[in-house]
Amino acid sequence: MAEVLVHVDHLDGAVRKPTLELLTLARRLGDPVAVFLGAGADAAAGVLAEHGAVRILTADAPEFADYAIVPKVDALQAAHDAVRPAAVLLPSSAEGKEIAARLAVRLDSGIITDAVDLSTDDQGPVATQSVFAAAYTTTSRVTQGTPIITVKPNSATPEAAPAAGTAEPLAVTFGDAATGTKVTSRTARESTGRPELTEAAIVVSGGRGVGGAENFAVIEALADSLGAAVGASRAAVDAGWYPHSHQVGQTGKSVSPQLYVAAGISGAIQHRAGMQTSKTIVAVNKDAEAPIFELVDYGVVGDLFEVLPKLTEEIKARKG
């Protein structure tokens, strides 16, 4: 069976959920071969093998931590040349998409970004995308070179499929461009105890209707009762009510959770572009004519300051 390269997204060996989703999708296309770059390969080997990696190509060098993007492109190119895979899969993060684009140029291959599903036929991998602010669903295939595909988080449920997970060293030669952009400092992100926004299975977002920074407490309370991430519309972010890093929308982050709760958000196209692929959408808004109600699965016409606290209480009661 053909092999499929999967770029492992990790933090010091802790494999992030989108990689497990990629391994699950890769098994539809062939035998997954994980490419682990940096420190912590031993710690990651078990979970990668558990989710279907038949082989794990590992490379560790200071360049992966000290310089941005290009060293990883060099390594993935080396992995491609060694394996000659049926496809290369990466997470649709900002870094993942830049690595994918650079790799596609080097290999003279086609690229598909932000896929939400993968399948295969006798001509090779087929990617499903949600495009034009999720107004259309398309299926596409790469017709030149090795398909390079980035996949949105939450596009698949990680499924265990134990495989050999044989670790093999990957020889990487770094080009002159590898040291062109140096990382000069790092600051650890403050932990809120909530999931990462783009990876969360549930997201609760607040918009202009929240009315102020102090009122985001009702959004956070509901999110915490659900084990969810907190998002915000551009209007809320521009008003300074919530950090820009939590903005959902065309100029913010794109999310695709199992459940998206929009509270006090009108549903402008800019916001919809960042969350319209969510599996189930619930909106709470006082305005029955708000555009957000055009795409929801469940809508509540009401005051979010009455609805959300009662919903939070009910969730806590059921849990308790």
Side-chain angles (χ1 to χ4, degrees), residues 3-19 22-23 26 32-45 47-48 53 55-85 87-114 142 144-153 166-191 196 198-199 244-245 253-254:
E3 294 183 314
V4 179
L5 290 182
V6 173
H7 178 241
V8 178
D9 184 14
H10 69 97
L11 180 61
D12 297 329
V15 179
R16 299 179 68 161
K17 180 170 169 276
T19 296
L22 289 181
L23 289 169
V33 176
V35 181
F36 188 100
L37 307 177
D42 290 344
V47 70
L48 295 174
R55 292 196 288 156
I56 305 170
L57 305 183
T58 66
D60 188 10
E63 284 83 356
F64 295 128
D66 295 343
Y67 297 91
I69 304 297
V70 179
K72 294 179 180 178
V73 180
D74 288 339
L76 278 176
Q77 183 177 9
H80 171 274
D81 293 346
V83 174
R84 297 296 173 181
V88 180
L89 307 184
L90 305 93
S92 267
S93 60
E95 181 184 76
K97 286 190 277 192
E98 183 171 353
I99 293 172
R102 288 173 177 265
L103 182 63
V105 170
R106 290 195 188 185
L107 300 179
D108 195 24
S109 294
I111 180 174
I112 296 173
T113 60
D114 291 335
V142 169
Q144 177 173 315
T146 302
I148 312 296
I149 304 173
T150 73
V151 181
K152 278 188 172 184
T166 306
E168 303 174 17
L170 174 66
V172 181
T173 300
F174 297 108
D176 294 339
T179 55
T181 305
K182 184 175 178 60
V183 178
T184 58
S185 66
R186 287 185 173 84
T187 301
R189 180 169 51 195
E190 292 185 18
S191 174
E196 166 64 29
T198 57
E199 301 174 15
H244 182 271
S245 58
K253 293 182 176 179
S254 178

Exercise. With sequence neighbours left out, what residues match Glu98 under side-chain contact (heavy atoms from CB on, under 4.5 Å)?
Worked result: Ile69, Arg102
Seminar exercise, completed: dist Glu3:CD -> Leu57:CG (nearest 0.5 Å) comes out at 8.5 Å
For this session: Over all heavy atoms of both residues, which pair between Ala79 and Val35 is shortest? Give the atoms and the distance, please.
Result: CB-CG2, 4.0 Å
Seminar exercise, completed: Taken in chain and number order and not counting sequence neighbours, the residues that satisfy side-chain contact (heavy atoms from CB on, under 4.5 Å) with Val47 are Val15, Leu20, His51
For this session: In sequence, state the C-alpha distance, the side-chain angles, and the governing distance for Val33 and Val4, and then conclude on side chain to side chain contact (heavy atoms under 4.5 Å, CB included).
Result: CA-CA 6 Å; Val33 176; Val4 179; over 6 Å; no
For this session: Could you grab the distance from atom OG1 of Thr113 to atom CG of Leu90, nearest 0.5 Å is fine?
Result: 11.5 Å
For this session: Measure the shortest side-chain to side-chain distance between Ser254 and Lys152 over non-hydrogen atoms and say whether it is less than 4.5 angstrom.
Result: yes
Problem set entry | Which atom of Thr150 lies closest to which atom of Ala100, heavy atoms considered | CG2-CB, 3.5 Å
Problem set entry | With His10 via ring pair (Phe, Tyr, Trp, His ring centres under 6.0 Å) - residues at least two apart | Phe36
For this session: Please tell me if the side chains of Asp9 and Pro91 come closer than 4.5 Å, counting only heavy atoms from C-beta onward.
Result: yes
For this session: Take atom CG of Asp81 as the centre, draw a 6.0 Å sphere, and report whether it contains more than 12 heavy atoms from other residues, nucleotides or ligands.
Result: yes
Seminar exercise, completed: Rounding to 0.5 Å, atoms CG (Leu170) and CG (Leu76) come to a distance of 8.5 Å
Exercise. Do Arg106 and Val73 come within less than 4.5 Å of each other through their side chains, counting heavy atoms only?
Worked result: yes
Problem set entry | Which residues share a side-chain contact (heavy atoms from CB on, under 4.5 Å) with Ser109, sequence neighbours left out | Leu107, Thr146, Ile148
Problem set entry | Asp114 with Lys97: basic N within carboxylate O range, under 4.0 Å | yes
Seminar exercise, completed: Shortest non-hydrogen pair, Gly38 vs Asp60, comes out as C-OD1, 3.4 Å
Problem set entry | Spacing of Glu199 atom CD and Ser93 atom OG [to the nearest 0.5 Å] | 9.0 Å
Problem set entry | Pro71: side-chain contact (heavy atoms from CB on, under 4.5 Å) partners, not counting sequence neighbours | Glu63, Phe64, Tyr67, Phe174, Ala178
For this session: Over all heavy atoms of both residues, which pair between Gly175 and Asp74 is shortest? Give the atoms and the distance, please.
Result: N-OD2, 3.2 Å
Exercise. In this structure, are over 12 heavy atoms from other groups packed under 6.0 Å from Asp66 atom CG?
Worked result: yes
For this session: Identify the two heavy atoms, one from Ala34 and one from Leu48, that lie closest to each other, and give their separation to 0.1 Å.
Result: CB-CD1, 4.1 Å
Problem set entry | Main-chain N/O of Arg55 paired to Thr166 side chain as donor or acceptor, under 3.5 Å | no
Problem set entry | side chain to side chain contact (heavy atoms under 4.5 Å, CB included) between Val142 and Ile112, worked out | CA-CA 7 Å; Val142 169; Ile112 296 173; 4.0 Å; yes
Seminar exercise, completed: d(Gln77 CD, Ile99 CD1) to nearest 0.5 Å is 13.0 Å
Exercise. Could you go step by step and tell me if Lys72 and Glu95 meet the salt bridge (Lys or Arg N to Asp or Glu O under 4.0 Å) rule?
Worked result: CA-CA 10 Å; Lys72 294 179 180 178; Glu95 181 184 76; 3.3 Å; yes
Exercise. Quick one: salt bridge (charged side-chain N to carboxylate O under 4.0 Å, His left out) partners of Glu196, sequence neighbours excluded?
Worked result: Arg189, Lys253
For this session: Quick one: pull up CD1 in Ile56 and CD in Glu168 and give me the separation to the nearest 0.5 Å.
Result: 9.5 Å
Exercise. Between Leu5 and Val83, does a side chain to side chain contact (heavy atoms under 4.5 Å, CB included) hold up when you go through it step by step?
Worked result: CA-CA 8 Å; Leu5 290 182; Val83 174; 4.0 Å; yes
